[in-house]
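To start, the structure itself, in C-alpha cells.
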Amino acid sequence: MKQKLETLLQHVIASLKSEGILDQEIMPKINIERTKDAKHGDFATNLALVLAKPAKTNPRQLADKIILLLPEDSLVSKVEIAGPGFINFFITADSQFQIIKQIHDGGQNFGLSQIGNGKKVQVEFVSANPTGPLHVGHGRGAAYGSAVADLLHAVGFDVSKEYYVNDAGRQMDILATSIWLRYLEECGEVVVFPSNGYRGEYIRDIAFNIHKNSGNEYRHPVELVTEDIPADEPQGGDKELHIDALISRAKTLLGQSLYRDLFQAGLTVILDDIKDDLEEFGVSYQEWFSERSLMEDNSIKDALNRLDTAGYIYEKDGATWFASSQLGDEKDRVVVRDNGQSTYFASDIAYHMNKLDRGFDQIINIWGADHHGYIPRVRAAMRALGADESKLKVLLVQFAILYRGTEKVPMSTRSGEFVTLRQLRSEVGTDAARFFYVMRKSEQHMDFDLKLATSKTNENPVFYVQYAHARVCSVLRQLDEKGLKRNLNLGMDNLDKLTESHETALITLLSKYPETLEKSALQYEPHQLIHYLRDLANSFHTYYNAHQFLVDDEAVRNARLNLICAAKQVLSNGLSLLNINTPESM
RNA sequence: GUCCCCGUAGCAUAAUUGGAUAAUGCAAUCCCCUCCUAAGGGAUAGAUUGGCGGUUCGACUCCGUCCGGGGACGCCA
C-alpha cells in the first residue's frame with residue numbers, strides 16, 4: 001500500500017519538475033506514514049512540508065498543487081490537506097478488507113517477509129560465566145536476545161544464535177578452587193573459606209557429589225593447603241593475593257590431571273544447568289562456543305600474529321600490548337600478561353576473528369550495560385584485523401534492579417546472594433517472565449518488583465493478550481455447541497458487511513502487523529511487537545463487548561467469524577514468535 | 001575527575017526515529033453480566049515530557065548547559 005502511494009507521488013514530483021516548480025536536481029525522500037488518528041485518513045505524507053522551501057511557496061499551496069497532479073487510483077477514496085500541509089490519504093474499504101483474506105491464506109506464515117534476503121547474521125547473547133546459575137539479570141539478556149534473533153529470522157535473515165562459554169581464565173580457577181575447599185569440608189577438614197571465593201549453595205552440592213563419587217581422592221590436610229598462604233582481607237591481607245595463592249596451591253597439591261578433573265566437573269554441572277534453564281525458558285542456541293577451544297587450536301596466537309603483522313603489537317613491562325588507542329580506544333590494552341597468560345580480551349579478539357572467518361554479514365553482540373566501555377577496544381581489534389567494522393553491532397541491555405517491595409535486593413554472584421532466573425520463572429511463570437522482560441526497551445533501566453510480579457493478580461499484561469486469543473477459541477466452541485458451522489467463503493464474500501467502527505479499527509490494526517514485525521526486527525526492538533499485540537488484544541476485547549458475533553444473519557456472522565479468526569491468527573503468530581503460549585482456554 | 005546510558009500523569013512504560021490534540025496498563029472515581037469466560041468493556045480525572053537556552057514550518061526526539069539517578073574507567077572476566 002505504501003509502495004503504491006509512493007509511485008503515485010513519484011509521478012507528482014515528475015510533473016512538478018516539468019512545470020518548472022521544482023528544480024530538476026531535487027530528489028526528495030518520499031515519506032509516507034500511518035496516521036495516528038483515523039480522522040487523518042489511513043496514510044499521510046509530509047511531502048509538501050519538505051518541498052515548500054525549494055519550491056519557494058508555502059506548504060498548503062504546494063499541497064493543493066500536489067493533489068491536483070495526483071493520478072487517479074482505485075484504492076484511494078479521498079485525499080485531504082490538513083494541519084500545516086500534511087496530505088492525508090483515505091483508502092477504500094474494499095482494499096482494507098483484503099487483509100482478512102491475506103491473513104487466512106498466510107496462516108502461521110502471515111507477516112513473515114524476506115527483506116533480510118538470507119543475509120547471515122550471528123546473534124551472541126547471555127554468555128554468562130559458567131561459575132553459577134543464571135540470575136534475573138541474565139534472564140533479561142536471554143529474553144531480549146532470543147527475541148531479537150527470532151524476529152530477524154522471521155523477516156528473512158539467516159540467523160545463528162550463539163553462547164560464548166568462558167570456560168577458561170581466572171574466574172574458572174576461582175570456581176575450581178572454591179569447589180575443592182568445599183570438598184575438603186565434606187571430607188571433614190576445617191577450612192576458612194576465602195572471602196573472594198564462590199559462596200553459593202550450589203558449590204557445596206557439587207562438592208558433595210564429588211566426595212560421594214570419589215571419596216578422599218582429592219583430599220589433602222588443611223595445614224598443607226594453607227601453609228604460607230598470604231592473609232585474606234578480613235585478616236588484614238589482600239583477598240586477590242590470597243585467592244591466587246590458593247589457586248596455585250590447588251594446582252600443585254592436586255597435580256594437573258586431578259585439578260583439571262575438578263575444574264571440568266564444576267564446569268559440566270554448571271553449564272548443563274544453564275543449558276536446561278535456558279531451554280525451559282524457551283531459549284535455544286545453534287552453537288555453544290568454547291573460549292578454551294581458542295587456546296587449544298592456537299586461534300589466540302594467530303589473532304595476535306595478525307595484529308602484530310598489521311603493526312599494532314608491542315612489548316612493555318614484560319607484557320604484550322595491543323595499540324588500540326591508535327584505533328579509537330582510550331588507551332592501549334594488555335593482551336598477554338607478564339606471567340605469560342593471555343587476557344580475556346585476547347580471547348575476545350580471537351573470537352571475533354573467528355566470527356568474521358565464518359562469513360557472517362552481521363555480528364550482533366548483546367551485552368550487559370556494564371560492558372559498554374569494552375566496545376571501543378573490540379571495534380579497534382576489528383579495524384586492526386582489516387574487517388568492515390560496520391558488521392559489528394553491539395546492543396546493550398541495562399540491568400534489572402530487583403526490589404522486594406521498596407527494599408532493593410543486593411545481587412552478586414560471588415556473595416552467593418542473588419535471585420536466580422529459575423526462581424523467577426517458578427514464581428511468575430515462563431510466559432510472564434519473557435513478556436515482562438521484552439516489554440521494555442532494552443537500554444531502559446528496569447525496576448523489577450518481585451512482590452508485584454509474584455502477586456498473582458491480573459496486573460500481568462500477558463494474560464490480557466492470551467485471553468484475547470482464548471476468547472476467540474471460546475467463540476468457536478460456542479458456535480459448535482449451537483450446532484452451527486462456519487462458512488468461510490460466505491464470510492469472505494460478505495466482508496463488506498463489517499462496517500461497524502470497532503470492525504474497521506480492528507481491520508486497520510491487523511493490516512499493520514507485517515510492518516510492525518519488520519520494524520521490530522530491523523530496529524532490534526521487540527517491545528514494539530509486544531505493544532502492538534497489546535493494542536490488538538485491546539481492540540478485540542472492545543469489539544467483543546460491543547457486538548455479538550454469533551448473530552442469526554448468516555452472512556454477517558461468517559464475516560465476523562472470519563475477522564476474529566484473523567485476529568486470533570495474528571495474536572498467535574506474534575506470541576509464538578516471542579515463544580509465549582497461546583492457550584485455547586484460560 | 002573523564003566517558004556512557006537514563007529522566008515522560010501517583011507508579012510502570014509508549015510515541016511510526018523530527019510530525020498533527022503526547023498513547024497504553026496499573027492505581028483513583030463512577031458505570032456495564034437474563035448476553036459468545038467480568039482474567040473483559042465504557043466514562044471521568046490525572047503532563048509546562050527534570051530546568052533553562054538554541055537549531056526550524058514543526059522538538060519527548062537533534063545541539064549546548066545545569067540538576068537528579070544508574071553504570072564504566074584492571075596485566076578481572
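Note on naming: letters A, B, ... go to the chains in the order of the sequence lines (proteins, then strands), and numbering restarts at 1 for each one. Note that the coordinates shown come from a computational prediction; the quantities given were computed from them, not determined experimentally.
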Are there any protein N/O atoms within less than 3.5 Å of an N/O atom in nucleotides 34-36 of chain B, and if so, which ones and at what distance?
from	atom 1	to	atom 2	distance (Å)
B:C35	O2'	A:Gln548	OE1	3.4
B:C36	O3'	A:Gln478	NE2	3.2
B:C36	N3	A:Phe549	N	3.2
B:C36	N4	A:Tyr544	O	2.5
B:C36	N4	A:His547	O	2.3

Provide a list of protein-nucleic acid N or O atom pairs under 3.5 angstrom, restricted to nucleotides 17-20 of chain B.
from	atom 1	to	atom 2	distance (Å)
B:U17	N3	A:Gln523	OE1	3.2
B:U17	N3	A:Gln523	NE2	2.8
B:U17	O4	A:Gln523	NE2	2.3
B:U17	O4	A:Glu525	OE1	2.7
B:U17	O4	A:Glu525	OE2	3.2
B:G19	N7	A:Asn46	ND2	3.2
B:A20	OP2	A:Lys36	NZ	2.6
B:A20	N6	A:Asn88	OD1	2.7
B:A20	N1	A:Asn88	OD1	3.1
B:A20	N1	A:Asn88	ND2	3.2

Below 3.5 Å between N/O atoms, which protein atoms pair up with nucleotides 7-9 of chain B? Just atom names and distances, please.
none

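Under the side chain to side chain donor-acceptor pair (under 3.5 Å) criterion, A:Asn166 pairs with A:Glu291, not counting sequence neighbours. Partners of A:Glu515 according to the side chain to side chain donor-acceptor pair (under 3.5 Å) rule, which considers only residues two or more places apart in sequence or in another chain, are A:Arg34. In this structure, A:Tyr532 has no side chain to side chain donor-acceptor pair (under 3.5 Å) partners at least two apart in sequence or on a different chain. Judged as a side chain to side chain donor-acceptor pair (under 3.5 Å), and not counting sequence neighbours, the contacts of A:Gln61 are A:Thr57. With sequence neighbours left out, the salt bridge (Lys or Arg N to Asp or Glu O under 4.0 Å) criterion links A:Glu80 to A:Lys78. For A:Arg60, there are no salt bridge (Lys or Arg N to Asp or Glu O under 4.0 Å) partners at least two apart in sequence or on another chain. Not a single salt bridge (Lys or Arg N to Asp or Glu O under 4.0 Å) links A:Lys441 to another residue, sequence neighbours left out.
Using a 4.0 Å heavy-atom criterion, one finds that A:Ser585 contacts the bases of the nucleic acid, with or without backbone contacts as well. Note on A:Arg34: a base of the nucleic acid sits closer than 4.0 angstrom, heavy atoms only. The residue A:Ala168 sits close only to the backbone: its heavy atoms come under 4.0 Å of sugar-phosphate atoms, none of a base. Contacts of A:Lys331 with the nucleic acid, taken as non-hydrogen atoms under 4.0 Å apart, involve only primed sugar atoms and P, OP1 or OP2. Residue contacts for A:His371: at a heavy-atom cut-off of 4.0 Å it reaches a base atom on one of the strands shown.
Applying the side-chain hydrogen bond (donor to acceptor under 3.5 Å, both in side chains) rule to pairs touching residues 472-488 of chain A yields A:Arg486-A:Asn562, sequence neighbours excluded. Residue pairs that meet the salt bridge (Lys or Arg N to Asp or Glu O under 4.0 Å) test with at least one member in residues 324-342 of chain A, sequence neighbours left out, are A:Asp329-A:Arg333.
Side-chain to base pairing of A:His372 with B:G71: one donor and one acceptor N or O lie within less than 3.5 Å of each other.
The aromatic rings of A:Phe289 and A:Tyr164 sit tilted, their planes meeting at an angle between 30° and 60°. Under the 30°/60° scheme for interplanar angles, the aromatic rings of A:Phe549 and A:Tyr543 are found to be tilted. A perpendicular orientation is assigned to the rings of A:His371 and A:Tyr374, their planes being inclined by more than 60° (bins at 30° and 60°).
The side-chain tip of A:Arg471 points at the ring of A:Tyr544 from less than 6.0 angstrom away and within 45° of straight on.
In this entry the distance linking CZ of A:Arg333 with P of B:C76 reads 13 Å, nearest Å. B:C75 atom C1' lies 15 Å from atom CD of A:Gln171, rounded to whole Å. Regarding A:Tyr198, its OH atom lies at a distance of 14 Å from the P atom of B:C76, rounded to whole Å. The CG-P distance, from A:Asp348 to B:A77, rounds to 11 Å in whole Å. Computed from coordinates, the A:Tyr532 OH to B:A15 P distance equals 16 Å when rounded to whole Å. The CZ-C1' distance, from A:Phe540 to B:A38, rounds to 14 Å in whole Å. At whole-Å resolution of the value, CG in A:Asn129 and C1' in B:A77 are 5 Å apart. One interatomic measurement links the two molecules: OH of A:Tyr467 to P of B:A39, which rounds to 5 Å at whole-angstrom precision.
Taking atom C1' in both B:C62 and B:U49, the straight-line distance is 16 Å, to the nearest Å. B:U8 and B:G68 have their P atoms separated by 16 Å, given to the nearest Å. For the P atoms, the distance linking B:G69 with B:C31 amounts to 44 Å, nearest Å. Here the separation of B:G42 from B:C6, taken at their C1' atoms, is 36 Å to the nearest Å. Taking atom P on both B:A45 and B:A22, the two are 14 Å apart, rounded to the nearest angstrom. Rounded to whole Å, the separation between the C1' atoms of B:G46 and B:A27 comes to 11 Å. For the P atoms, the distance from B:C60 to B:A23 is 13 Å, rounded to whole Å. Straight-line distance between the C1' atoms of B:U13 and B:G74: roughly 37 Å, to the nearest whole Å.
Residue A:Arg377 places none of its side-chain N or O atoms closer than 4.0 Å to OP1 or OP2 of B:C73. Regarding contacts with the backbone of B:G41, a side-chain N or O of A:Tyr464 is found under 4.0 angstrom from either OP1 or OP2. One finds no side-chain N or O of A:Arg534 lying less than 4.0 angstrom from the OP1 or OP2 phosphate oxygen of B:U13. Listed pair A:His502 / B:G41 fails the phosphate criterion, with no side-chain N or O lying under 4.0 Å from OP1 or OP2. Distances shorter than 4.0 Å separate some side-chain N or O of A:Thr542 from OP1 or OP2 on B:G42. Taking side-chain N and O atoms only, A:Arg440 has a distance below 4.0 Å to OP1 or OP2 of B:U13.
Map A:Arg477 and A:Val336 each onto its nearest nucleotide of RNA chain B; the residue landing nearer the 5' end is A:Arg477. The nearest heavy atom of RNA chain B to A:His527 and to A:Gln398 marks one nucleotide each, and the one closer to the 5' end goes with A:Gln398.
For B:C32, the base is anti relative to its sugar; the glycosidic angle deviates from 0 by more than 90°. Taking syn as a glycosidic angle within 90° of 0, B:U17 qualifies as syn.
With hydrogens and angles disregarded, no donor-acceptor distance shorter than 3.5 Å links the side chain of A:His352 to the backbone of A:Ile349.
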